[in-house]
Amino acid sequence: MARPAMLPEIGPRVAALNDRYRHHAAVSVMEKALKDPDTGEVALVSSFGAESVVLLHMVSVIAPGTPVLFIDTLMLFPETLRYQQDVAAQLGLTDVRTIRASEAALKLDDPDGTLHQFNTDACCALRKTVPLEAALSGFDAWITGRKRYQGATRQTIDFFEVETEKRMKINPLAHWGREDLEEYMVENRLPRHPLVAKGYPSIGCAPCTSPVKPGEDPRAGRWRGQAKTECGIHFIGGKAVRIKNEAEAPENKEKVA
């Protein structure tokens, strides 16, 4: 969708979009998001992770020329980098843009590549948040794969959200569960990220992602042992939110023991 000369105030637009498409299915929300003039110019941000292929496939069917922003932190699993290339080619995505931190920023803030060992928030900001913000500067909205079932920080997300005074987030899969994702991937014969079969239901950077045991929260392997739940790309109200999993909360420790 080309950017109109001037978009109205974002709050009313987001409210109207949620009201307009509240009862639509995920594929319909995606289609409307890419074509509704109220969304402006839209990009899909994708990690090419465990579930990313669902949104990537939807975009490939509806508008394969949609800009897809892929953040390469230079600390991703080799499997992710190969998967990114394979999926983009297989789906016929024609505008995949690889986003990285500048060499100057890396040399200044993480010259030896060890920042993640003592300050994961700073590492995520350097390698993800800052480069993505620069890449999104020309867009009015971006599509994410966030879903309500993914944890306490995501339980109330809507299809459309205000991110800044000038930009919105679009979450077509907000109301989907794991079974919906699985069904969509099976029906469309979509390629799986190779690490999923090895116990990685949520995949980030290699140093900060570990396998998940049966019964654990799917995101338990992300920044294991820390209160950190988000990389910083997805803030709530402009602030990082730290909400522990139920198993980590003090009131549940006696039950877990």
Side-chain angles (χ1 to χ4, degrees), residues 1-4 7-18 20-21 24 26-49 51-73 84 87-88 91 93-101 124-125 127-148 150 153-154 156-176 204 230-241:
M1 168 63 63
R3 172 182 285 181
L7 288 167
E9 186 180 348
I10 192 167
R13 278 192 292 123
V14 165
L17 285 163
N18 277 318
R20 195 177 306 153
Y21 303 124
H24 285 236
V27 174
S28 178
V29 171
M30 173 69 88
E31 183 175 10
K32 302 303 181 184
L34 293 173
K35 297 179 179 180
D36 195 304
D38 275 345
T39 59
E41 190 169 352
V42 182
L44 168 63
V45 175
S46 180
S47 65
F48 284 80
E51 301 166 348
S52 300
V53 71
V54 171
L55 285 180
L56 291 165
H57 179 263
M58 289 181 184
V59 164
S60 74
V61 172
I62 299 167
T66 299
V68 176
L69 309 184
F70 169 60
I71 307 174
D72 181 5
T73 64
Q84 184 268 318
V87 168
L91 297 183
L93 299 168
T94 60
D95 191 6
V96 179
R97 308 177 188 182
T98 299
I99 310 302
R100 299 187 181 96
C124 286
R127 296 175 178 272
K128 294 182 180 181
T129 313
V130 172
L132 179 60
E133 181 61 31
L136 285 172
S137 62
F139 294 96
D140 303 299
W142 56 294
I143 298 166
T144 89
R146 294 187 307 153
K147 309 158 198 73
R148 290 188 172 191
Q150 288 177 319
T153 62
R154 302 184 177 190
T156 60
I157 60 174
D158 286 322
F159 286 136
F160 301 88
E161 296 179 299
V162 174
E163 183 187 27
T164 70
E165 293 181 355
K166 296 183 179 180
R167 193 170 65 222
M168 71 176 71
K169 285 182 182 177
I170 304 169
N171 312 299
L173 306 181
H175 301 285
W176 272 25
E230 297 281 0
C231 64
I233 290 175
H234 300 300
F235 285 145
I236 296 178
K239 298 180 180 179
V241 177

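Numbering of residues begins at 1 and proceeds along the displayed sequence.
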S.K.: Taking only residues two or more places apart in sequence, or in another chain, which ones meet Arg100 in a salt bridge (Lys or Arg N to Asp or Glu O under 4.0 Å)?
M.R.: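 Salt bridge (Lys or Arg N to Asp or Glu O under 4.0 Å) check on Arg100 returns Asp72.
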
S.K.: For the side chain of Arg97 and the backbone of Phe70, is there at least one donor-acceptor N/O pair under 3.5 Å apart?
M.R.: no

S.K.: Going from CH2 on Trp142 to CG on Leu69, what distance comes out if it is rounded to the nearest 0.5 angstrom?
M.R.: 9.5 Å

S.K.: How close do Phe160 and Thr39 get, heavy atom to heavy atom, and via which atoms?
M.R.: CE2-CG2, 4.1 Å

S.K.: Could you tell me whether the side chain of Asp140 and the main chain of Glu41 form a donor-acceptor pair under 3.5 Å?
M.R.: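 Yes.
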
S.K.: Can you tell me how far apart CG (Asn171) and CH2 (Trp176) are? Round to the nearest 0.5 Å.
M.R.: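 Those atoms lie 13.5 Å apart.
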
S.K.: Please give me the minimum heavy-atom distance between Ser46 and Val68, naming the atom from each residue.
M.R.: CB-CG1, 4.2 Å

S.K.: Go through His175 and Phe159 one step at a time and tell me if the ring-ring contact (aromatic ring centres under 6.0 Å, His included) criterion holds.
M.R.: CA-CA 8 Å; His175 301 285; Phe159 286 136; 4.8 Å; yes

S.K.: So, taking the atom named CD1 in Ile170 and the one named CG in Leu34, what distance separates them when rounded to the nearest 0.5 Å?
M.R.: 7.0 Å

S.K.: Do the side chain of Lys35 and the main chain of Ala33 share a donor and acceptor less than 3.5 angstrom apart?
M.R.: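 Here the side-chain-to-backbone pair does not exist.
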
S.K.: Nearest heavy-atom pair of Val45 and Leu136: which atoms, and what distance?
M.R.: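 Closest approach of Val45 to Leu136: CG2-CD2, 4.2 Å.
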
S.K.: Is any side-chain heavy atom of Val59 closer than 4.5 Å to one of Pro64?
M.R.: no

S.K.: Could you give all pairs that pass the side-chain hydrogen bond (donor to acceptor under 3.5 Å, both in side chains) test and reach residues 52-63, with sequence neighbours left out?
M.R.: Ser47-Ser52, His57-Tyr184

S.K.: Are the side chain of Asp36 and the backbone of Asp38 linked by a donor-acceptor contact shorter than 3.5 Å?
M.R.: yes

S.K.: How would you list, by chain and number, every residue that makes a salt bridge (Lys or Arg N to Asp or Glu O under 4.0 Å) with Arg167, sequence neighbours excluded?
M.R.: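 Residues passing salt bridge (Lys or Arg N to Asp or Glu O under 4.0 Å) with Arg167: Glu133, Glu163.
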
